[in-house]
Amino acid sequence: MTTVSLNNLVKSYGNTQVLHGINLDIQSGEFVVLVGPSGCGKSTTLRMIAGLEEVSAGDIRIGGDVVNDMEPKERNIAMVFQNYAIYPHMSVRKNIGFGLRTSKLSKEEKDARIDEVAGILELTELLDRKPNQLSGGQRQRVAIGRAMVRDPAAFLFDEPLSNLDAQLRTQMRLEIKKLHQRVGNTIIFVTHDQVEAMTMADRIVIMKDGHIQQVGTPFEVFYEPANIFVAQFIGAPSMNMLKGIVKGEAIALENGTAIQLPTAKLNEDQKVAVGLRPDALLVQEGEGLFSGEVSVIEPLGTDTLAYVKVGDEEVIAKASGRTPPAVGDTVNLHAAPEAIHLFDADTGEAIR
Amino acid sequence: MAFSETLDTGKSAASLRSSARRKRSQAQFIRWLLLFAGGIAMIMPIVFMLSTSFKYPFEVYNLNLIPEEPTIENYTYVLEDGRFFGWFTNSLLIATITTICNVLFDSLVGYVLCKYTFPGRYIIFIAILSTLMIPTEMLVIPWYLMSSTFGWLDTYWGIMFPGLMTAFGTFLMKQFFETVPDDFLEAARIDGLNELQIWWTVAMPLVRPALAALAIFVFLGNWTASSGRSSSPTVRKCTPCPLASPPSP
């Protein structure tokens, strides 16, 4: 187990800078997920930690040592790739043992280590098979096994669940989390899927355009998003964002309605964005924040998502699953004051 | 009424299925026929060659498959003449060594050009590829002069050297290495293998079909290439198996 620190990390390709000074401290044994849309720099960051990309500026420290100029093998890390990178011409045993090729262990010790890892990952019965005889989930486990067998200081996962179907992804998510609880190594996991990030991480690092937007626990990034991007990226469906302007004790929304708010931190005529998570905006009887006409409903079982036209804007709200509103109904939408997020419309930063 | 309609629909569906099956089997038959004809066309020259080897010279131009007077005299002549084994060994040695060298060097250069980024990579690749435009006939005399300069005349080295690496093989291997995902190589790099080990242990086994194709091309090319070798008037002990023009009895 070890710490990983990124200090003002920069990556440039020619004149194009893709990472703009990343600072991040990962504690020993922590499960950190880098999440963001395509092109945000999360995989580049991971590859730089692995030593597969050169550092343009800044430092990477693993276990306190600067590793910028170290070869990947000298960093004592293991990486699991998106397409598993297990060799089709080798058996499962050889694939898992591949990481031990350069180890000084005896053959008996290597075999014992492979057997132990195979046992943990329930691959013992499959050790003599070739990868093309395995299912997607089994291949994924082999890839993890190859990383585990070396007992590295840190595991790096580069979108390892992207190629799996939804059911298997959920299962593997759980298995990786259990594995982390069992082995306790530092894990840095890259994904574009915010559900994976929320469900697995001790801390989430949300990235966009080569910048870190927020670092926090799943609870923090969900309930206290730092800016509009984080607020809309985390959570599904995405947070409703309504533009408005501060007028006295209220915010006049562009959809023609106004909501009362404590405006102590707001200035008169300040442009703001009001964020409301769909599961916090409820279709209920009685006068609420505002009302509108239901344009589409999406039954989810327990709940129903209602797309409600409020003025010129459409918001997503949660309605009862048993007695959902019908398309065309006019409904009242309610939200608790603590569920309303405020952002500066110009900078996008949260107003707290 | 409804029952009879259902029955009619059922009959027509069955007849449609049967007609489709008939068409499929006809198409299959035609395919087999064409394949059979192709097979015959491929095998007949070899059968004739084999048949001719059991004929006397006067019968060589007869198209009959079964010789009127079968003989094994051609075989005994070739086997009794000691030179044949020398030629055969030369061919085997030259073709084998050249094939091994081609497989190694072409794949190594193709791998480097495909998987590494360095200044001039594209220019080097184009330069290698452009040598394909030079006809072999144009190279025979320079090769001879080179051999003469280095004192390689009448040596295996002189014969093999020009063919130890080919532009075609390099191109072929580079194209095949494009299909090897970079993740495989990077995973091996993280696992601690050096670049040569990655090429040999990871990349080479993944392009086995291309290696086999290249090996077959190069081996056959060298096995049958006797004309170029005889450009050296002094080449004697290294003459390969002259299958193209056997000595007349």
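Every chain is numbered from 1 and lettered A, B, ... according to where its sequence line falls, protein lines coming before strand lines.
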Take atom CD of A:E54 as the centre, draw a 6.0 Å sphere, and report whether it contains more than 12 heavy atoms from other residues, nucleotides or ligands. no
Does CG in B:L35 sit with more than 12 non-hydrogen atoms of other residues, nucleotides or ligands closer than 6.0 Å? yes
So for atom CD, which belongs to B:Q28, do other residues, nucleotides or ligands contribute more than 12 heavy atoms lying within a distance under 6.0 Å? yes
Out of curiosity, B:L193 CG to A:R101 CZ, how far, rounded to the nearest 0.5 Å? 5.5 Å
Using a 6.0 Å cut-off, check whether atom NZ of B:K115 has over 12 heavy atoms from anything other than its own residue. yes
Hey, what do you get for OH (A:Y84) to CG (B:D183), rounding to the nearest 0.5 Å? 12.0 Å
More than 12 non-hydrogen atoms from neighbouring residues, nucleotides or ligands closer than 6.0 Å to CD on B:Q175, yes or no? yes
Minimum heavy-atom separation for A:Y87 and B:F184, please, with both atom names. OH-O, 2.9 Å
Pick one of side chain, backbone, both or neither for A:A143, based on which atoms fall under 4.5 Å of a heavy atom in chain B. neither
Do B:T201 and A:F98 have side-chain heavy atoms sitting under 4.5 Å apart? yes
Got more than 12 heavy atoms from elsewhere within 6.0 Å of OH, B:Y122? no
Per-residue contact mode, A:R47 against chain B (heavy atom under 4.5 angstrom): side chain
Which portion of A:L156 sits near chain B, non-hydrogen atoms under 4.5 angstrom: neither
Is the count of non-hydrogen atoms from other residues, nucleotides or ligands lying under 6.0 Å from B:F118 atom CZ greater than 12? yes
Close side-chain approach of A:R150 and B:I190, heavy atoms under 4.5 Å: yes
Minimum heavy-atom distance B:G192-A:K73, with the two atoms named: CA-CB, 3.2 Å
